[in-house]
Amino acid sequence: MTTTVATRRDEAIRWPVWRLALVIAFAAFMSQLDTSVVNVGLDTIAADLGADLGDAQWVASAYLIALGLSLPASGWLGRRLGVGRV
């Protein structure tokens with residue numbers, strides 16, 4: 001009784017796939033960096049605006065709410081109008 005073993009060919013990952021992966025990784029890194037910068041700057045923002053830290057925390061909350069609303073809206077607009085136009 002003989003069994004055949006399927007061999008897997010070593011295929012190189014094409015450049016468009018790498019490019020997409022790099023764009024996604026870079027976007028995730030920049031989003032995290034942007035959120036961190038806002039959080040680190042809360043004390044300075046509060047001092048410049050003459051607000052206490054509790055009020056300044058609304059800056060970070062408003063930023064995250066705006067980000068949370070813009071991501072689905074971008075996907076909807078991309079599907080509706082086309083990704084190239086958006």
Side-chain angles (χ1 to χ4, degrees):
M1 183 164 148
T2 61
T3 59
T4 58
V5 176
T7 59
R8 183 176 173 209
R9 296 187 318 175
D10 292 326
E11 294 182 9
I13 299 172
R14 290 186 234 152
W15 173 243
V17 175
W18 278 111
R19 184 173 56 194
L20 180 63
L22 289 173
V23 166
I24 291 171
F26 182 71
F29 172 75
M30 290 304 294
S31 176
Q32 184 64 36
L33 179 67
D34 197 23
T35 303
S36 297
V37 166
V38 169
N39 285 323
V40 168
L42 276 180
D43 192 36
T44 305
I45 292 169
D48 288 347
L49 295 176
D52 63 351
L53 187 58
D55 291 336
Q57 286 175 343
W58 278 104
V59 172
S61 297
Y63 171 76
L64 291 174
I65 289 170
L67 181 66
L69 292 175
S70 66
L71 288 175
S74 298
W76 181 81
L77 283 172
R79 187 175 294 166
R80 179 104 171 157
L81 302 174
V83 178
R85 293 181 67 186
V86 173

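All of these numbers come straight from a predicted model, not from anything done at the bench. Residue numbers count from 1 along this sequence.
- To the nearest 0.5 angstrom, Ile65 atom CD1 is 12.0 Å from Ser70 atom OG.
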All N/O donor-acceptor pairs, side-chain side in residues 20-35, below 3.5 Å, sequence neighbours left out:
from, atom 1, to, atom 2, distance (Å)
Asp34, OD2, Tyr63, OH, 2.4
Thr35, OG1, Ser31, O, 3.0

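- Residues that satisfy the side-chain contact (heavy atoms from CB on, under 4.5 Å) test with Ala46, not counting sequence neighbours, are Ala56.
- Once rounded to the nearest 0.5 Å, the distance linking CG of Asp52 with CD of Gln57 reads 9.0 Å.
- Enclosure of atom CG in Asp43 is not indicated, since only 12 or fewer non-hydrogen atoms of other residues, nucleotides or ligands lie within 6.0 angstrom.
- Between Asn39 and Ala60, the shortest heavy-atom distance links the atoms OD1-CB, 3.5 Å.
- Residues that satisfy the side-chain contact (heavy atoms from CB on, under 4.5 Å) test with Ala73, not counting sequence neighbours, are absent from this structure.
- Leu71 is not connected to Trp76 by any chain of hydrophobic side-chain contacts under 4.5 Å among Ile, Leu, Val, Met, Phe, Trp and Tyr, and they are in different clusters.
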